[in-house]
Amino acid sequence: MSKPKALVTRPLFPAARAILDHHFDAEYWMPPERIPRAELLKRVAEKDALVCLLTEKVDEELLAASPKLRVAATVSVGYDNIDVPACTRHKVVAANTPGVLDETTADFAWTLLMAVARRLVEGDAWMRSGTWPGWDLDQLLGGDVWGKTLGIVGFGRIGRGLARRAQGFQMRVLYHDANRAALEVERELRAEFAGLDQLLGESDFVSLHVPLLPETRHLLSAAAFDKMKRTAYLINTSRGPVVDEAALAAALEEKKIAGAALDVYEHEPKVNPALIARKDVILAPHIASATIDTRTNMAVVAATNAAAVFEGRRPPNALNADALGL
Ligand code: GLV
């Protein structure tokens with residue numbers, strides 16, 4: 001019996017390929033550049049499964065172009081690239097990769113927080129320029145981290161991971177989320193629930209961990225920056241459009257906040273030129289989950305999600321399992 005056909009938009013890693021090759025007649029997109037949209041639409045047309053990245057949009061157009069498709073598995077936890085209701089309408093299982101990247105992403109948010117507060121990237125550039133004159137008392141003075149207040153916006157697995165890290169730095173932790181956490185969780189993580197305005201007004205560091213939804217688009221806008229402390233830093237490892245980049249650049253220029261460290265951008269791969277020009281901003285290339293182990297695990301989870309559909313199992317991370325009656 002012939003195997004179902006899969007389109008995989010990256011070569012992935014051997015462990016994930018082993019799963020895919022076992023279950024599917026898999027076609028991998030091998031060129032180093034991202035798969036162009038027209039190629040994606042052409043190649044997915046006769047496929048039963050799609051394993052894609054967050055850079056590929058699974059929307060009405062793609063679903064209409066792939067009538068045999070039964071599963072679209074993204075190798076990411078964020079799934080704003082997938083129109084889940086459209087998948088449901090087309091009876092396509094949509095799946096993501098939660099659970100395997102939380103600690104790694106929290107590590108990186110912490111890395112950015114420390115680096116922006118202590119001006120590490122500026123220091124590195126100075127050393128490489130060959131112009132450092134030697135130690136002096138007032139060089140690259142940054143902000144303290146220990147004992148300060150951390151405001152976590154979005155208190156899911158990654159936000160909670162950040163709260164755990166903050167305990168080691170004797171920080172006060174405020175969090176804001178659409179749903180308040182259970183009291184045991186608040187107690188264990190020593191985190192206080194706060195309204196967004198209170199969190200913005202009291203935090204020395206504001207770190208974003210919300211998914212991109214209509215309600216979270218431009219959550220951090222000019223009005224939000226007006227509420228933040230002038231000494232505060234913004235860290236974003238969630239999704240770029242959660243922050244209004246033009247408003248962020250203006251807030252930095254007007255010294256309404258002290259700095260920002262970003263891993264994600266409003267219009268990836270473009271970065272607002274006003275941010276590129278600034279020394280008080282750290283710019284990372286969307287690498288919060290980029291460790292060998294974690295990216296491998298993410299690819300394995302996505303492959304497993306895709307394979308499950310053809311084994312008659314409920315895919316472990318189906319986003320529309322209930323809607324499809326799985
Ligand atoms: C990365 O941004 C992810 O959503 O996994």
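Counting starts at 1 for both ligands and their atoms, following the listed order.
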Which of the ligand 1 atoms, numbered from 1, are nearer than 4.0 Å to a heavy atom of [X]:
X	answer
L101	5 (O)
H286	1 (C), 2 (O)
S76	3 (C), 4 (O), 5 (O)
M298	5 (O)
R239	1 (C), 2 (O), 3 (C), 4 (O)

Handout entry: I152 with L112, same ILVMFWY side-chain cluster at under 4.5 Å
Key =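 Yes; tracing contacts between hydrophobic side chains, which count when under 4.5 Å, links both residues.
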
Looking only at distances, please establish whether an N/O atom of ligand 1 is found under 3.5 Å from an N/O atom of [X].
X	answer
S238	no
G78	yes
S289	no

Practice task
State whether Y28 and R10 meet the cation-pi test: NZ (Lys) or CZ (Arg) under 6.0 Å from the six-membered ring centroid, and within 45° of the perpendicular axis.
Solution key: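 So R10 doesn't make the cation-pi contact.
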
Handout entry: Over-ring placement of R70 relative to F310, 6.0 Å and 45° cut-offs
Key =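 The answer is yes; both the distance and angle limits are met.
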
Handout entry: Heavy-atom pair of closest approach, residues C87 and A94
Key =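 Nearest heavy atoms, C87 then A94: SG-CB, 4.1 Å.
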
Handout entry: Considering all heavy atoms, the nearest R37-K57 contact
Key =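 Taking every non-hydrogen atom into account, NH1-O, 2.7 Å.
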
Exercise for the section: Determine whether the side chain, the backbone, both or neither of V75 has a heavy atom under 4.0 Å from any heavy atom of ligand 1. Expected result: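 The answer is neither.
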
Handout entry: Minimum-distance protein heavy atom relative to atom 5 (O) of ligand 1
Key =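 Result for atom 5 (O) of ligand 1: V77 N, 2.8 Å.
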
Problem - Spacing of I158 atom CD1 and T105 atom OG1 [to the nearest 0.5 Å] - result: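 That separation rounds to 4.5 Å.
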
Practice task
Answer with yes or no after comparing the ring centroid distance for F169 and W110 against a 6.0 Å cut-off, counting only values under it.
Solution key: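 Aromatic pair counts; centres sit under 6.0 Å.
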
